[in-house]
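Below: one structure, written as structure tokens.
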Amino acid sequence: MRQSTVLRSRDRLEYCIVFVANDRVLDQVVAFLESIKQNSPNISLICIPYSDDIEKLAELADVYEFKFFIDFDISAVQNIAKIIYGRTVPRLRKLGAFFVPCREFLFLDVDIIVRKDLRPFFGHIDSSCDIVFTDISPEGTYINNKHPLIAHSIEINTGAYVSAPHVMDYPLFIEAIMRHFDVFREIAFFPNDDQAFMSFSFDIQRKKFRCIDNFNAPFSPRLWYGHPFTHGPDEVIDPAYNLPVSMVHFAGTSNYPLGHYGVWSDLFNHFMVLGRDRVANAGLNIL
């Protein structure tokens with residue numbers, strides 16, 4: 001990657017969208033970024049490399065105007081992951097979002113398709129709110145959510161949330177896990193390694209959560225593809241709230257057979273086609 005496409009810790013941003021990616025999910029990234037470009041173009045974009053294979057991804061940096069952030073070291077966290085999971089967990093690189101030099105960040109998984117301006121998500125982190133969440137993930141966090149240590153848990157979806165760098169750091173994540181290591185091993189839903197790891201840390205540290213619908217956002221707080229959303233002429237509607245949907249999580253990806261996620265594959269493919277055109281018009285032959 002070129003130095004001009006790298007964000008350094010000495011730099012300063014107001015608000016930004018942070019995502020984790022590599023060349024393996026290039027199609028997803030293009031559809032994801034194209035949906036942001038079309039619907040919410042006024043927020044800085046920051047990519048944390050999922051791994052070292054980012055040669056093609058780096059060529060997209062100028063096309064979609066994002067920068068890479070690499071000024072963080074999660075080796076201590078990965079040492080804990082080795083004890084827990086018997087291996088390192090690349091998805092824990094998303095913890096690097098808490099070191100991005102910004103006022104607030106919106107972390108998004110790249111299997112999301114954005115449908116609305118996302119600026120209403122920002123400006124809510126203060127002494128009464130550490131994390132703004134959207135959907136919850138009650139079946140993907142704990143296998144026993146009645147344990148007294150985490151009975152208060154909201155079990156937020158860690159694939160789409162807003163926070164700020166001062167809210168967590170690596171010592172807090174490590175302290176939370178190691179202080180209650182046996183409990184974590186007992187109750188965590190291990191297939192969702194990053195979801196359980198992050199949620200348990202937030203819960204043990206008693207972080208304060210508020211749903212985006214507490215802030216009169218002009219869209220539904222829900223985004224999971226399995227909700228009974230409907231297609232409007234130019235937007236996706238959540239009939240439970242009678243509001244448009246800001247983004248659709250698991251909106252279909254090229255890694256699954258067409259139609260794996262039903263109607264949302266069409267949404268993914270729409271932005272994938274637009275993205276391929278943009279990339280081709282930039283003179284790149286990487287897709």
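The analysis underlying the following values was restricted to heavy atoms, covering all of them including side chains, and did not include hydrogens, waters or symmetry mates.
Put simply, Phe197 and Phe181 are part of the same group of oily side chains (I, L, V, M, F, W, Y) that touch within less than 4.5 Å, one to the next.
There is no side-chain donor-acceptor pair under 3.5 Å between Glu155 and Ser137. Remark: the Tyr15 side chain and the Arg103 side chain contain an N/O donor-acceptor pair separated by less than 3.5 Å. Asp135 and His249 share no side-chain donor-acceptor pair at under 3.5 Å.
Salt-bridge annotation for Arg276 and Asp27: present, with a side-chain N of the basic residue lying under 4.0 Å from a carboxylate O of the acidic one. Taking the charged nitrogens against the carboxylate oxygens, Asp194 and Arg93 have no contact shorter than 4.0 Å, which rules out a salt bridge. Remark: Asp238 engages Arg222 in a salt bridge, criterion side-chain N to carboxylate O under 4.0 Å. A salt bridge is absent between Arg24 and Asp53; no separation between the charged side-chain nitrogens and carboxylate oxygens falls under 4.0 Å. The pair Arg87-Asp193 meets the salt-bridge criterion, since a charged nitrogen lies less than 4.0 angstrom from a carboxylate oxygen. Using a cut-off of 4.0 Å between Lys/Arg side-chain N and Asp/Glu carboxylate O, Asp23 and Lys56 are scored as not salt-bridged. Under 4.0 Å is where a charged nitrogen must lie from a carboxylate oxygen, and between Arg10 and Asp71 no such pair does.
Screening Phe107, Phe173, Phe69 for a ring-ring contact (aromatic ring centres under 6.0 Å, His included) involving Phe98 leaves a single residue, Phe173. Applying the ring-ring contact (aromatic ring centres under 6.0 Å, His included) test between Phe219 and each of Tyr241, Phe121, Phe229 identifies Phe121 as the sole match. Of the residues Tyr50, Phe66, Phe68, the one that meets the ring-ring contact (aromatic ring centres under 6.0 Å, His included) test with Phe19 is Phe66. Put simply, the residue from Asp111, Asp109, Leu33 that forms a side chain to side chain contact (heavy atoms under 4.5 Å, CB included) with Gln28 is Asp111.
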- Would Leu60 and Ile286 count as a side-chain contact (heavy atoms from CB on, under 4.5 Å) if you check the C-alpha gap in whole Å, the side-chain angles of each, and the deciding distance to 0.1 Å? CA-CA 9 Å; Leu60 294 178; Ile286 58 175; 3.7 Å; yes
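One distance of note links CG of Asn39 with CG of Asp117; it measures 8.5 Å at 0.5 Å rounding.
Checked against side-chain hydrogen bond (donor to acceptor under 3.5 Å, both in side chains), Glu34 has the following partners two or more places apart in sequence or in another chain: Gln38, Tyr64, Arg278. Not a single ring pair (Phe, Tyr, Trp, His ring centres under 6.0 Å) links His147 to another residue, sequence neighbours left out.
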